[in-house]
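The block underneath contains the structure these notes are about, expressed in structure tokens.
Lettering of chains follows the sequences in order, A, B, ..., and the numbering in each one begins at 1. Predicted model, so just to flag it, every value in this text is computed and none were measured. Reckoned from all heavy atoms, side chains included, excluding hydrogens, waters and symmetry mates.
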There are 2 protein chains.
Amino acid sequence: MPVAGGQGRVLELAVLGSLHETPLHGYELRKRLNALLGMFRAFSYGSLYPCLRSLLTQGLIAEEQPAPATIVGGRSKIVYKLTADGKERLQDMLTQAGPSAWEDESFGVHFAFFRHTEAEVRLRILEGRRSRLEERLDAVRTALARTRERLDSYTLELQRHGLESVEREVRWLNELIATERRASSEDRPERDTTSTDE
Amino acid sequence: MPVAGGQGRVLELAVLGSLHETPLHGYELRKRLNALLGMFRAFSYGSLYPCLRSLLTQGLIAEEQPAPATIVGGRSKIVYKLTADGKERLQDMLTQAGPSAWEDESFGVHFAFFRHTEAEVRLRILEGRRSRLEERLDAVRTALARTRERLDSYTLELQRHGLESVEREVRWLNELIATERRASSEDRPERDTTSTDE
DNA sequence: GCTTCGATGTATCGAGCCGATACATCCCGA
DNA sequence: TCGGGATGTATCGGCTCGATACATCGAAGC
């Protein structure tokens with residue numbers, strides 16, 4: 001069952017989140033998105049425009065009418081803005097802390113909108129991502145141990161580099177999680193911190 | 001024009017390369033591939049089986065007949081092996097040093113089979129990947145400088161982490177390139193090394 | 001003044017790939 | 001003996017990309 005909405009809709013979240021700041025048209029939207037996500041993802045028009053159309057028919061975004069004087073040629077820019085339903089949907093998506101938030105493709109997008117996410121959800125997403133990566137680390141290390149003997153130096157070097165990259169991301173997540181915990185314990189200092197693991 | 005064969009066919013290369021070592025059946029093939037590529041990619045059956053079928057009809061691989069005694073039930077494993085055409089094709093792909101070799105999705109696969117790649121091609125792929133990453137680094141840094149003022153701490157942290165990861169990969173590539181150059185100058189010591197850039 | 005060129009802008013198409021799923025067999029332990 | 005987990009082949013819906021097409025606008029160049 002494809003669940004029809006809420007799975008791999010990373011783009012949907014990215015668009016809704018961007019439009020939450022300010023109304024935008026497609027071209028500018030794509031530029032901002034790809035600048036925002038920087039090195040992690042790069043959405044293309046081939047997915048952006050169908051996504052905009054879908055959001056439009058769902059009533060989550062709407063075309064904003066510009067001042068008539070602005071229109072020079074026939075039809076020019078199509079500026080989209082978030083509707084009330086869209087804002088609600090965005091809040092929903094930001095509240096979800098599941099695999100769809102911490103997989104490779106989606107984690108960056110969720111993280112980019114952490115400003116609008118509750119502290120508790122942020123923590124769960126960071127921890128989810130960390131255990132996802134540690135899972136993968138285990139799998140690769142096990143596979144590596146099993147086939148250690150017959151591997152050429154290039155394959156080995158690739159494994160080593162990949163392992164190191166992921167270990168580095170885990171350390172990054174550890175720091176972020178520690179920071180989050182510190183911030184939340186400062187908000188609620190009545191909580192006993194001596195019994196927390198790690 | 002989709003060029004019909006030679007673009008995004010990363011899987012094709014991966015399958016051909018794996019089958020070059022030893023004949024394999026689908027399930028085992030996928031396991032090896034995902035162990036080999038470790039943290040970079042993970043192919044699924046949804047792409048593997050159509051790929052195998054396509055390679056079969058192209059005559060690049062063939063079903064290997066097992067000893068009749070091996071077949072216990074009706075039809076069991078389908079073991080594929082590389083044909084002569086397949087070996088030729090693999091050599092072709094390994095010789096290609098273009099964007100299709102150093103983009104994110106394909107670089108890992110190409111690197112994993114560097115053992116079968118000529119030294120000159122290896123160097124060009126490594127350098128191509130490096131300049132690809134530096135390009136991206138420039139783009140993000142420029143975008144970051146232009147919008148520095150209005151960015152929340154999470155977005156900033158994401159950018160910083162992304163930037164650092166890519167810088168790290170560039171350093172890795174630098175080391176690999178230096179090693180390759182050293183190795184190739186040892187092979188041909190008549191080459192003057194004082195005039196090489198960097 | 002005229003033209004060319006690059007940035008801006010909307011939009012679609014073919015094709016690759018993934019996740020989920022279905023289904024069958026084999027073997028091992030409770 | 002029975003269930004569950006590994007092995008094994010296979011497909012379907014749907015998302016996304018890269019390439020491409022087409023149109024407008026301003027600036028640079030001749």
TODO: Using atom CZ of Arg9(B) as one end and atom P of dC17(C) as the other, report the distance to the nearest whole Å.
DONE: 8 Å
Task: Check: Gln159(A) side chain, Leu36(B) main-chain N or O, donor-acceptor pair, under 3.5 Å - done: yes
TODO: Choose from dC17(C), dT8(C), dT16(D) the nucleotide whose nearest atom is closest to any side-chain atom of Val10(A).
DONE: dT16(D)
Open item on the list: So, does Arg41(B) get its side chain near the phosphate of dC18(C), meaning an N or O under 4.0 Å from OP1 or OP2?
Closed with: yes
TODO: Would you please confirm or rule out a distance under 4.0 Å between OP1 or OP2 of dT11(D) and any side-chain N or O of Arg53(B)?
DONE: yes
Task: Pro50(B) or Glu28(B), whichever maps to the more 5' nucleotide of DNA chain D - done: Glu28(B)
Open item on the list: Classify Gly46(B) by what it touches in the nucleic acid, base, sugar-phosphate, or nothing, heavy-atom distance under 4.0 Å.
Closed with: base
Task: Spacing between His25(A) atom NE2 and dA23(D) atom C1', to the nearest angstrom - done: 15 Å
TODO: Report the distance from atom CG of Leu37(B) to atom P of dC18(C), rounded to the nearest whole Å.
DONE: 11 Å
TODO: Check whether any side-chain nitrogen or oxygen of Ser47(A) sits under 4.0 Å from OP1 or OP2 of dT16(D), and answer yes or no.
DONE: no
Open item on the list: For dA11(C) and Tyr45(A) - does any side-chain N or O of the residue sit under 4.0 Å from the phosphate oxygens OP1/OP2?
Closed with: no
Task: Charged N-O contact under 4.0 Å between Asp92(B) and Lys87(B) - done: no
Task: Nearest-angstrom distance from the residue atom OH of Tyr27(B) to C1' of dG5(D) - done: 10 Å
Open item on the list: In this structure, how many angstroms lie between the C1' atom of dT10(C) and the CG atom of Leu24(A), rounded?
Closed with: 15 Å
Open item on the list: Tell me the interatomic distance from Leu52(B), atom CG, to dA10(D), atom P, rounded to whole angstroms.
Closed with: 9 Å
Open item on the list: Measuring from the side chain of Leu11(A) (C-beta onward, heavy atoms only), which nucleotide among dT16(D), dA7(C), dG8(D) has the closest atom?
Closed with: dT16(D)
Open item on the list: Rounded to whole Å, how long is the line connecting atom OH of Tyr49(B) with atom C1' of dG19(C)?
Closed with: 16 Å
Task: Carboxylate-amine/guanidinium contact Arg132(A) Glu169(A), below 4.0 Å - done: no
TODO: Taking only Lys NZ, Arg NE, NH1 and NH2, and the carboxylate oxygens of Asp or Glu, determine whether Glu175(A) and Arg171(A) approach each other closer than 4.0 Å.
DONE: no
Task: Minimum-distance nucleotide to Lys77(A) side chain [options: dG9(C), dT7(D), dA10(D)] - done: dG9(C)
Task: Pair Glu157(A)-Ser153(A), side-chain donor/acceptor within less than 3.5 Å - done: no
Task: Nearest-Å distance for atom pair CG/C1', residues Asp104(A) and dG19(C) - done: 14 Å
